[in-house]
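The structure appears below as structure tokens.
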2 protein chains.
Amino acid sequence: MATIRDIARLTGHSISTVSRAINHSGYVAPETKAKIMAAVKKLDYRPNHIARELSSGRTHRIGLILPSANHPFFHRLVNSISAAALSAGYEVVLLPTNYNRHVEVDRLEELRAHAFDGLIFTSRSNSFDFIMQYADYGPIVCCENTRHYPLSCAYKNRENSFQKTFQRLKAKGYRKIGVTVSRNEYVSASAQATIRAYQRVFGLPLKDELLFRDALTPFDGATAAGEFLAAEPGLEAILANSDEIAAGVYQYCQHHQRQLTLIGQDNELISQLLNFSTIDNHLNDIGSIAFSLLFEKEVKKVLVPATFIERHLPSLHQA
Amino acid sequence: MATIRDIARLTGHSISTVSRAINHSGYVAPETKAKIMAAVKKLDYRPNHIARELSSGRTHRIGLILPSANHPFFHRLVNSISAAALSAGYEVVLLPTNYNRHVEVDRLEELRAHAFDGLIFTSRSNSFDFIMQYADYGPIVCCENTRHYPLSCAYKNRENSFQKTFQRLKAKGYRKIGVTVSRNEYVSASAQATIRAYQRVFGLPLKDELLFRDALTPFDGATAAGEFLAAEPGLEAILANSDEIAAGVYQYCQHHQRQLTLIGQDNELISQLLNFSTIDNHLNDIGSIAFSLLFEKEVKKVLVPATFIERHLPSLHQA
DNA sequence: TTGAAAGCGCTAACAT
DNA sequence: ATGTTAGCGCTTTCAA
């Protein structure tokens, strides 16, 4: 591999002149530049990326913390963040943690070691208090409400959207509603928000039998539906933590000839095809805003309001 | 930010001793090491990632070329590749090209500039001949058959699986079959393979009215179904280029009360829920194999055979 | 067991 | 317009 020094030697110029010529910066005589460019071509020279990073102190790379890449929620964020990064001249490094807090710590340490110019959290396994300790080492943005912590975020107001959804259901006369959440309420703020919203709207706590924890796959959705119906045969509706889970519920209903009102989240293709209602959290907006917040000087918290998309499942019919 | 020199100064040792202590390599007296570690803690020191990369010449980072992140096909590959990378101590950088060959060239140039230790192509917009020129600068692996080119790959034999699928349909007595492809046959090897397979099985060329090009979204699937049926009212089956597209076809059929045999690809959730047949290309395997091939000394080409998953759509019924 | 010193390949301030 | 030089922060060889 040819280095800048080789070019300097070959052309008889100094490395700084070569550097200037290559970067089209500063003064370089046209003929000098031409000669240098010829040498560059001749020696198949390319400036070393890493050396540039070291010298400039910037990587033009941001890290993206996510549990694993295989969930629609994260796909959306990855899409929008990487699109925003591309057009801003940044590259994004995928940092799957599998919800392992130690892996997450390693990534924060990498931020500290200047491996990235910034970090975006789409999920987290450590406390805000802990994460905040790394804020000095580079910009950190979260895709959830960081509340009173001085960390920028682009987020949806879950409690609010859940509350509205429950109110909607209440207004329609529904009383028996099952709810699925992705992780238990001790770990997940989302689960807490769901539970609180229910309590607030209906004035009484969500029964434990009508709360399904750790719903991750459509299969879990079907399981949840089964358990709900066993505990409460008069069940009227299910609010699921994603369209995928709702699809699992749908499948169960089809199979057992039950009609339920179904509400998913994130307006995935499946909800459009199966035609059930969904809460659109506008993840694309959250992603691109999160990216842009990395470069704000001050801490900013941007609320992206959710939208309710109402759809009606066709009524049941036997084949 | 404290540097290794600060630690050296504070402890009164040389930077090389500090380096050895930090890296747990070479000889360092226990007390010396303890003293150094104490200083490390005291000064909140962390070795600079970039400097290490420059010094060692390796980044432990691989680039992943893909058109954009929003297609299930790529999700699968991203998942499996990033999982494989994680467990091998590598990080993956997402490199969306939007099928723009110039962007792709820029990424190849980055490989040349040592920004990555290797590159995986999940799609490409440049010729193999062109890409090969960069093979000297670092390992390159493709997720499609590289044929006679000396480039490693993990791939599915598309022509073979399409052929088997057509044979299956032929055996069932089907003759009127529509086919969707994602890009036209002049650009896409996959489209060519589909067309050839049809010709080989049925002995006559696929009619142009029964080939839909540029099918990217479920909406395109619905459009394709409409066009096929307009051109050939007796249409019996559609082979789609993905489960998403097939789902679009499904939607059209539902809406227009038509019964068609549907075959998608990649065994996505939607095909399971809607219960139509699909060709499972085992993208997870392709991804993890592709990653492992980066580190093989020789060029290797690994065929991952596809599997046909037969499912039966429930017959039509009016609500 | 430790340290001096030479890189790694580049940028940028400063001098000419 | 060009060159000198001092970094950037680390690893590694070699000598002590």
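As a basis for the values below, the full set of heavy atoms in this structure was taken, side chains included, without hydrogen atoms, waters or symmetry mates. Order of the sequence lines sets the chain letters (A, B, ...), proteins ahead of strands, with each chain counted from 1.
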Considering heavy-atom distances to DNA chain C, does B/Ala29 or B/Ala51 have its closest nucleotide positioned more toward the 5' end?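 It is B/Ala29 whose nearest nucleotide is closer to the 5' end.
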Taking only the side-chain nitrogens and oxygens of A/Ser16, find out if one of them lies under 4.0 Å from OP1 or OP2 of D/dG3.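 No, A/Ser16 has no side-chain N/O under 4.0 Å of OP1/OP2 on D/dG3.
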Can you tell me if the side-chain N/O atoms of B/Ser14 get under 4.0 Å from OP1 or OP2 in C/dG3?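 Result: yes.
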Can you tell me whether the side chain of A/Arg20 and the base of D/dG3 have a donor-acceptor pair closer than 3.5 Å?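 Such a pair exists between side chain and base.
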Check whether the side chain of A/Arg52 and the base of C/dG9 form a donor-acceptor pair under 3.5 Å.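 Between C/dG9 and A/Arg52, which were checked side chain against base, a qualifying N/O pair under 3.5 Å is absent.
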Have a look at [X] and say if it touches a base, only the backbone sugar-phosphate, or nothing, with a 4.0 Å heavy-atom cut-off.
X: A/Arg46; result: sugar-phosphate
X: B/Ser25; result: nothing
X: B/Ser56; result: nothing
X: B/Ile50; result: nothing

Are B/His75 and A/His75 near enough that their ring centres are under 6.0 Å apart?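 Aromatic pair counts; centres sit under 6.0 Å.
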Cation-pi check for B/Phe128 against B/Arg124: NZ or CZ below 6.0 Å from the six-membered ring centre and within 45 degrees of the axis, yes or no?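 Yes, B/Arg124 sits over the ring of B/Phe128.
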Name the closest nucleotide to the [X] side chain, picking from [options].
X: B/Thr17; options: C/dC10, C/dT2, D/dT2; value: C/dT2
X: B/Pro47; options: D/dC10, C/dC10, C/dT2; value: D/dC10
X: A/Thr32; options: D/dA1, D/dC10, C/dC8; value: D/dA1

Can you label the angle between the B/Phe130 ring and the B/Tyr134 ring as parallel, tilted or perpendicular, going by 30° and 60°?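 B/Phe130 and B/Tyr134: tilted rings.
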Side-chain contact, heavy-atom cut-off 4.5 Å: B/Lys156 with B/Pro305?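 No. Closest side-chain heavy atoms not under 4.5 Å.
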